[in-house]
Amino acid sequence: MQDEKDFIQELLNPETQNIAFQKLLRDYQRPLYNHIRSIVLNHDDTDDVLQNTFIKVFRYLKDFKGESKLFSWVYRIATNEAITFINQKAKRNGTTSEALQSKLVDNLKADIYFDGNEIQIRLQKAIALLPEKQQLVFKMKYYEEIKYEDMSEILGTSVGALKASYHHAVRKIEDFMKAD
């Protein structure tokens, strides 16, 4: 992998910007899609949020200070875009983001892009009941295997707090899965 500082310069340089941005898209599109999809749960909504994420990355790259890794900065934008999307969609539908998440989980069975079974649907229902921060931490750790240190940069939370959130989330999910 090329040096990140050089890559950022290529993204900022008008002569190399297009090729560099295509590389950024190639490298980040799949993991970002999966990350956003774990939050918004719907394929079409995920595509919209992903597109908005890349537009913001392109627009604000000149403001990137390099205080975190590029990966962390882009993931933070994607996370914020996904959360904003869910909150706005809930508001438009006159409901809470928690109720919307629960409804989206119920709709997963009909989603042609979701290939999960009943256990995975139940897991999604358990996750939807968690507070927003615990949902994010659980999904990033469990599904994406993001290290706590990277997660700390993305979410702006201490590693200790993230570990505690993950532990609480796992306990709540286990309790939910055992119930019934």
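Values below: every heavy atom of this structure, side chains too, minus hydrogens, waters and symmetry copies.
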Electrostatic pair [X]-[Y], nearest N-O below 4.0 angstrom:
X    : Y   : result
R37  : D45 : no
E153 : K69 : no
K23  : D27 : yes

Inset, instruction - To the nearest 0.5 Å, tell me how far M140 CE sits from I39 CD1. - result: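 Reported value, rounded in 0.5 Å steps: 7.5 Å.
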Minimum heavy-atom distance [X]-[Y], with the two atoms named:
X    : Y    : answer
K133 : L155 : NZ-O, 3.8 Å
Q101 : I86  : NE2-CD1, 3.6 Å
N87  : S97  : OD1-CB, 3.3 Å
S68  : E4   : O-OE2, 4.3 Å
V49  : A78  : CG1-O, 4.4 Å
L162 : Y148 : CD1-O, 3.7 Å

Inset, instruction - Quick one: do Y33 and H43 satisfy side chain to side chain contact (heavy atoms under 4.5 Å, CB included)? Show the steps, please. - result: CA-CA 9 Å; Y33 173 89; H43 170 72; 2.7 Å; yes
Inset, instruction - Dump the intermediate steps for ring-ring contact (aromatic ring centres under 6.0 Å, His included) on F54 and F58, then the final yes or no. - result: CA-CA 6 Å; F54 281 119; F58 189 75; over 10 Å; no
Could you check whether any side-chain N or O of [X] sits under 3.5 Å from a backbone N or O of [Y], counting only pairs where one atom can act as donor and the other as acceptor?
X    : Y    : answer
Q134 : S165 : no
Q124 : L41  : no
Q135 : A128 : yes
N42  : D44  : yes
N13  : Q9   : no

Inset, instruction - Please step through side chain to side chain contact (heavy atoms under 4.5 Å, CB included) for the pair V137 and T157, ending with a clear verdict. - result: CA-CA 10 Å; V137 172; T157 306; over 6 Å; no
Legend entry - Student check: side-chain heavy atoms of K62 and L12 closer than 4.5 Å: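 They are in side-chain contact.
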Legend entry - Aromatic centroids of F138 and H168 separated by under 6.0 Å: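 No, too far apart.
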Legend entry - F64/Y60 aromatic ring centres below 6.0 Å: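 Distance test on ring centres: not under 6.0 Å, no.
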Inset, instruction - Verify the neighbour count for atom NZ of K56: are there more than 12 heavy atoms of other residues, nucleotides or ligands below 6.0 Å? - result: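 Result for NZ/K56: open.
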Legend entry - Audit row: I127, Y143, side chain to side chain contact (heavy atoms under 4.5 Å, CB included) steps and yes/no: CA-CA 12 Å; I127 294 168; Y143 290 115; 3.8 Å; yes
Legend entry - Trace of the side chain to side chain contact (heavy atoms under 4.5 Å, CB included) decision for E81 with I77: CA-CA 6 Å; E81 284 295 301; I77 292 171; 4.2 Å; yes
